[in-house]
Amino acid sequence: MIAIGGAIGTGLFLGAGKAISKAGPSLILAYALAGLVIFFIMRALGELLMYRPVSGSFSEYAREFLGPFFGYVTGWTYWLFWVVTGITEVTAAATYVHYWDKSIPQWVSALIFTVVLYLANLISVKLFGELEFWFSMVKVTAIIGMILIGIGVLTLGFSDAGDTASVSNLWSHGGFFAGDDGITSMLMTLQIVMFAFLAVELVGVTAGEAKDPKKTLPKAINTVPWRIAVFYIGALIIILSVVPWTAFEAGKSPFVEAFARIGLPAGAGIVNFVVLTAALSSCNSGMYSTGRMLRDLALNGQGPKFFGQLTKSGLPLRGTTFSAVLMLVGVWINYQWPGEAFNYVVSFATISGMWAWIMILVAQLRYRRKADRGELPQSEFRAPGAPWTSYFALAFILMVIVLMGIDEGSRVSLYCAPLWGLIMGVSYLVLKRRNPAAFERKSTEHYAKLAADARAEAEHAA
């Protein structure tokens with residue numbers, strides 16, 4: 001349930017509103033194309049995970065197959081991704097509050113949510129997994145309920161939208177490619193769509209702790225296609241059939257708007273509460289994760305030792321506090337640009353999150369070459385169609401990055417990327433000089449032994 005919930009968040013609940021207003025029904029095709037690419041990425045990750053299941057998989061595989069520098073950059077960039085995602089989710093939550101009271105400034109809500117979630121992370125994390133399970137259950141139940149109600153409206157014709165609800169709404173209002181520029185409008189929504197899929201790779205982070213990775217990880221990865229088909233494509237088809245795409249606008253949840261159009265204001269309020277809790281759940285997960293990521297980097301000599309200490313209760317207080325302070329930048333963004341805050345932050349989260357996907361694909365290509373030469377053991381969960389599917393996924397991601405450069409609203413993230421790269425390069429040189437051992441490149445034999453040990457441990461556990 002946590003894996004399913006990770007694929008359902010702000011990108012779908014809020015970001016789809018802007019994407020629908022830009023591309024119309026063709027957004028369904030954008031989700032289908034992006035979903036196919038996500039499946040290729042996840043199968044590439046699965047191949048690596050079955051070769052050597054480890055915690056912090058992205059940075060570890062980048063370190064092994066591309067070198068210490070790329071492992072270092074990937075670890076810090078993925079931490080940054082979760083900080084920025086936390087800002088995104090808080091921004092979305094502040095937007096949802098306007099459904100009940102538009103007089104509350106967006107930055108005030110963002111500040112309150114950030115502080116409350118930070119304080120919550122200082123309490124025991126004993127029930128963290130249980131809480132996230134139920135948060136995921138709420139999200140999944142809400143989408144399934146929306147789909148079932150929508151099917152009822154389409155087939156039985158009840159509710160205020162019954163007279164106008166029809167599958168023909170997918171092509172009746174300007175055609176399937178109904179955006180201002182047709183297919184181009186659909187392509188320009190891909191960065192929003194890709195953001196919606198960010199976090200599905202979190203399955204890999206659990207590899208080191210999975211009880212039976214050989215069984216559970218392939219099963220989780222192979223559920224990606226039907227999760228995308230039901231929760232993204234299925235939900236959008238129903239929503240856009242019940243309510244014409246012209247009724248949706250940026251900054252508003254299409255799920256909430258659909259319930260309001262159906263004539264179920266109580267249902268709309270309930271859905272708004274659901275998407276609010278979904279955003280806060282994701283931010284809570286990000287705040288939880290960032291403290292642990294900083295501690296992991298510190299313990300490996302690739303981050304300040306300051307973040308390595310735990311409190312008496314076992315909490316990485318320093319890393320969590322530092323990350324929470326950075327998330328307060330989101331409060332300032334919401335104060336300065338309340339109307340564009342979500343779009344700005346989504347762009348930067350997308351570019352930082354896609355770095356992890358690029359590293360997964362390149363590492364898998366490097367691993368496959370070594371495994372085919374007999375230098376490393378073959379994975380028991382080989383990616384179908386590789387290496388061509390991995391090349392296709394890489395080309396698709398690069399196309400999305402180019403489209404982000406063309407889009408004026410998304411271009412700001414590409415301006416920030418070189419600056420982050422410079423920070424990573426300088427800090428890498430400084431830390432390497434202080435602690436050369438932490439950045440030494442290990443031999444292929446070293447990693448082959450680690451892989452053999454991991455397999456033996458997994459077989460013993462099974």
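- Closest approach of G308 to A298, counting heavy atoms only: N-CB, 3.7 Å.
- By the 4.5 Å heavy-atom criterion applied to side chains, M404 and M354 are counted as neighbours.
- In plain terms, the two heavy atoms of M359 and A62 that are nearest each other are SD-CB, 4.3 Å.
- The salt bridge (charged side-chain N to carboxylate O under 4.0 Å, His left out) contacts involving residues 42-51 comprise E47-R368, where partners must be two or more places apart or lie in separate chains.
- Here the closest non-hydrogen pair linking T189 and A19 is CG2-O, 3.8 Å.
- Between the W245 side chain and the S26 main chain, no donor and acceptor come within less than 3.5 Å of each other.
- Pairing each heavy atom of I360 with each of L48, the nearest pair is O-CD1, 3.7 Å.
- Between L294 and R318 the shortest side-chain heavy-atom distance does not fall below 4.5 Å.
- A 6.0 Å sphere centred on NZ of K442 holds more than 12 heavy atoms belonging to other residues, nucleotides or ligands.
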Q: Please lay out, stage by stage, how W82 and S323 fare under the test side chain to side chain donor-acceptor pair (under 3.5 Å).
A: CA-CA 9 Å; W82 274 112; S323 301; over 6 Å; no
Q) Where do F113 and L276 land on the side chain to side chain contact (heavy atoms under 4.5 Å, CB included) test, with the steps shown first? A) CA-CA 11 Å; F113 289 142; L276 172 63; 4.0 Å; yes
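- Side-chain contact between F231 and I144 is present, with heavy atoms from C-beta onward closer than 4.5 Å.
- Looking at L236 and I20, their side chains come closer than 4.5 Å, going by heavy atoms from C-beta outward.
- Residues L33 and V37 have side chains not in contact (no heavy-atom distance under 4.5 Å, counting atoms from C-beta outward).
- Residue L431 comes nearest to G303 through the heavy atom pair CD1-N, 4.3 Å, listed as atom of the first residue, atom of the second, then distance.
- The 12-atom threshold is exceeded at CZ of F381, counting heavy atoms of other residues, nucleotides or ligands nearer than 6.0 Å.
- Taking CG of L80 as the start and CG of L326 as the end, the distance is 8.5 Å to the nearest 0.5 Å.
- To the nearest 0.5 angstrom, M42 atom CE is 5.0 Å from I221 atom CD1.
- Among residues at least two apart or in separate chains, side-chain hydrogen bond (donor to acceptor under 3.5 Å, both in side chains) pairs with a member in residues 418-436 are Y72-S427, T77-W420.
- Between the CG atom of L49 and the CG atom of L45 there is a distance of 4.0 Å, given to the nearest 0.5 Å.
- L27 has its side chain out of reach of I192: every pair of non-hydrogen atoms, C-beta onward, lies at least 4.5 Å apart.
- Taking the ring-ring contact (aromatic ring centres under 6.0 Å, His included) definition, one finds that F40 meets it with nothing, sequence neighbours left out.
- Rounding to the nearest 0.5 angstrom, the gap separating the CG atom in L36 from the CD1 atom in I41 is 10.0 Å.
- Judged purely by atom type and a 3.5 angstrom limit, T141 uses its side chain to pair as donor or acceptor with the backbone of M137.
- L29 CG to I233 CD1: the interatomic distance, rounded to the nearest 0.5 Å, is 9.0 Å.
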Q.
One pair to check against side chain to side chain contact (heavy atoms under 4.5 Å, CB included): I423 and W76. What are the steps and the verdict?
A. CA-CA 11 Å; I423 294 173; W76 277 102; over 6 Å; no
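- In this structure, the side chain of T320 does not engage the main chain of L317 through any donor-acceptor pair within 3.5 Å.
- Taking the six-membered ring where tryptophan is involved, the planes of F197 and Y31 are perpendicular, since the angle between them exceeds 60° and thus also 30°.
- Not one N or O on the side chain of Y367 forms a donor-acceptor pair closer than 3.5 Å with the backbone of Y61.
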Q: Determine, step by step, whether F39 and N222 satisfy the side chain to side chain contact (heavy atoms under 4.5 Å, CB included) criterion, reporting the C-alpha distance in whole Å, the side-chain angles of both residues, the deciding distance to 0.1 Å, and the verdict.
A: CA-CA 8 Å; F39 179 64; N222 282 331; 4.2 Å; yes
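- Partners of F306 by ring-ring contact (aromatic ring centres under 6.0 Å, His included), not counting sequence neighbours: none found.
- Under the rule for a ring-ring contact (aromatic ring centres under 6.0 Å, His included), F396 has no partner lying at least two apart in sequence or in another chain.
- Side-chain contact between Y118 and M327 is absent, with no heavy atoms from C-beta onward closer than 4.5 Å.
- Between I397 atom CD1 and L394 atom CG the span is 6.0 Å, to the nearest 0.5 Å.
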Q: Take R295 and L310 through the test side chain to side chain contact (heavy atoms under 4.5 Å, CB included) and record every step on the way to the result.
A: CA-CA 9 Å; R295 181 172 184 268; L310 295 174; 3.3 Å; yes
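- Side-chain atoms of I351 and I401, non-hydrogen and from C-beta on, do get closer than 4.5 Å to each other.
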Side-chain donor-acceptor pairs of residues 64-71 under 3.5 Å, sequence neighbours excluded:
{"residue": "E64", "atom": "OE1", "partner": "R52", "partner atom": "NE", "Å": "3.4"}
{"residue": "E64", "atom": "OE1", "partner": "R52", "partner atom": "NH2", "Å": "2.8"}
{"residue": "E64", "atom": "OE2", "partner": "Y51", "partner atom": "OH", "Å": "2.4"}

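- Of all the heavy atoms in L365 and S390, the pair that sits closest is CD2-CB, 3.8 Å.
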